[in-house]
Amino acid sequence: MGIADELVANNREYASTYTPDRPLPPRRHLAVVACMDSRLDVFALLGLEVGDAHIMRNAGGVITDDMIRSLVISQRKLGTREIILIHHTDCGALTFTDDELRNQLLDETGLKPAWSPESFKDLDADLRQSMERLRRSPFLVDATQVRGFVFDVHTGQLREVL
């Protein structure tokens, strides 16, 4: 049995106790942007339940044009107002530079990507940059309620970055 088959079997179990027809807008009017790292259980580390918030993830948890697109839809069409950004210690985005990855892709494929890998060397500085990208976006309904945190993968604690 492959992983996909195992996951489909897990879904049958999940569906047996699934609560249908929950409201579309998040109950807490919250959007969370976090890294895709598999060690982060965003619902658990924030004490959220299914239906409380939009959880959006990408490599590094950085604010990209596509993440702004999702947040605009979240705010303008689904009523969220607060945005929390979560970076974390021991992040994979700390292990390479944009140029390294671009050059690797060029060597292996003959093409450089049109997108930026968005790697970083300083968690706090990158988090501040992502918060500033949101605060400067003219498309968000409310960019005043943006806060950023670093999750420590060794202790499980959040540290706010101002």
Side-chain angles (χ1 to χ4, degrees), residues 3-4 6-96 115-137 139-162:
I3 292 173
E6 179 184 338
L7 300 177
V8 169
N10 291 345
N11 174 255
R12 282 192 287 278
E13 176 81 18
Y14 171 78
S16 70
T17 60
Y18 177 71
T19 303
D21 305 318
R22 294 179 185 183
L24 181 59
R27 201 171 26 249
R28 307 288 300 268
H29 307 286
L30 171 67
V32 178
V33 177
C35 183
M36 66 185 191
D37 190 294
S38 63
R39 297 170 292 178
L40 276 66
D41 181 345
V42 177
F43 283 97
L45 73 92
L46 295 175
L48 296 171
E49 299 292 329
V50 171
D52 280 349
H54 285 152
I55 308 297
M56 301 169 212
R57 299 176 79 157
N58 67 16
V62 296
I63 297 302
T64 60
D65 286 344
D66 191 58
M67 194 58 75
I68 288 174
R69 178 189 69 85
S70 293
L71 288 166
V72 166
I73 293 167
S74 178
Q75 283 196 343
R76 291 189 176 269
K77 299 300 179 187
L78 297 165
T80 62
R81 290 298 175 263
E82 289 190 52
I83 300 171
I84 292 176
L85 308 182
I86 301 175
H87 280 25
H88 67 93
T89 59
D90 195 31
C91 184
L94 292 163
T95 65
F96 62 91
W115 39 266
S116 173
E118 297 280 348
S119 66
F120 46 85
K121 293 295 177 200
D122 183 320
L123 286 169
D124 290 17
D126 190 73
L127 193 50
R128 285 186 193 99
Q129 176 178 285
S130 284
M131 289 188 290
E132 190 60 28
R133 284 178 179 170
L134 290 178
R135 290 180 181 129
R136 291 178 185 228
S137 175
F139 306 115
L140 293 170
V141 173
D142 188 353
T144 63
Q145 297 186 68
V146 175
R147 293 175 70 183
F149 300 86
V150 172
F151 177 76
D152 188 317
V153 298
H154 304 292
T155 65
Q157 294 187 353
L158 288 173
R159 174 179 57 80
E160 187 162 13
V161 173
L162 302 173

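For the side-chain contact (heavy atoms from CB on, under 4.5 Å) test, residues two or more places apart in sequence or in another chain that qualify with Ile68 are Ile63, Val72, Leu134, Ser137. For Arg22, the side chain to side chain donor-acceptor pair (under 3.5 Å) partners two or more places apart in sequence, or in a different chain, are Thr19. Contacts of Phe120 classified as ring-ring contact (aromatic ring centres under 6.0 Å, His included), with partners at least two apart in sequence or in another chain: His87. In terms of the side chain to side chain donor-acceptor pair (under 3.5 Å) criterion, residue partners of Glu160 (sequence neighbours excluded) are, by chain and number, Arg147. Remark: Arg135 pairs with no residue by the side chain to side chain donor-acceptor pair (under 3.5 Å) rule, at least two apart or across chains. Remark: Asp37 engages Cys35, Arg39, Leu40, His88 in a side-chain contact (heavy atoms from CB on, under 4.5 Å) (not counting sequence neighbours). Judged as a side-chain contact (heavy atoms from CB on, under 4.5 Å), and not counting sequence neighbours, the contacts of Asp142 are Gln75, Arg81, Thr144, Gln145. Every residue was checked against the salt bridge (charged side-chain N to carboxylate O under 4.0 Å, His left out) condition with Arg57, not counting sequence neighbours, and none meets it. By the side-chain contact (heavy atoms from CB on, under 4.5 Å) test, Thr89 pairs with Leu123, Val150, Asp152, Val153, His154, sequence neighbours left out.
Arg28 places no side-chain N or O within 3.5 Å of a backbone atom of Thr80 that could act as its donor or acceptor partner.
The list of ring-ring contact (aromatic ring centres under 6.0 Å, His included) pairs with a residue in residues 12-38, not counting sequence neighbours, reads Tyr14-Tyr18. Screening residues 56-86 for ring-ring contact (aromatic ring centres under 6.0 Å, His included), with sequence neighbours left out, gives no hits. Within the structure, no pair that satisfies the ring-ring contact (aromatic ring centres under 6.0 Å, His included) test touches residues 33-71, not counting sequence neighbours.
Residues Pro117 and Phe96 come closest through the heavy atom pair CB-CE1, 4.0 Å. The two residues Val146 and Met131 make their nearest non-hydrogen contact at CG1-CG, 3.8 Å.
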(request) Could you please spell out the steps behind the salt bridge (charged side-chain N to carboxylate O under 4.0 Å, His left out) verdict for Asp122 and Arg128? (result) CA-CA 10 Å; Asp122 183 320; Arg128 285 186 193 99; 5.4 Å; no
(request) Could you please spell out the steps behind the side-chain contact (heavy atoms from CB on, under 4.5 Å) verdict for Leu46 and Leu158? (result) CA-CA 9 Å; Leu46 295 175; Leu158 288 173; 3.6 Å; yes
(request) Given side-chain contact (heavy atoms from CB on, under 4.5 Å), test Ser74 with Met56 step by step and report yes or no. (result) CA-CA 10 Å; Ser74 178; Met56 301 169 212; 3.8 Å; yes
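The CG atom of Asp66 sits 4.5 Å away from the CZ atom of Arg69 when rounded to the nearest 0.5 Å.
Under the side-chain contact (heavy atoms from CB on, under 4.5 Å) rule, Val33 has a single partner from Val62, Leu71, Ile84, which is Leu71.
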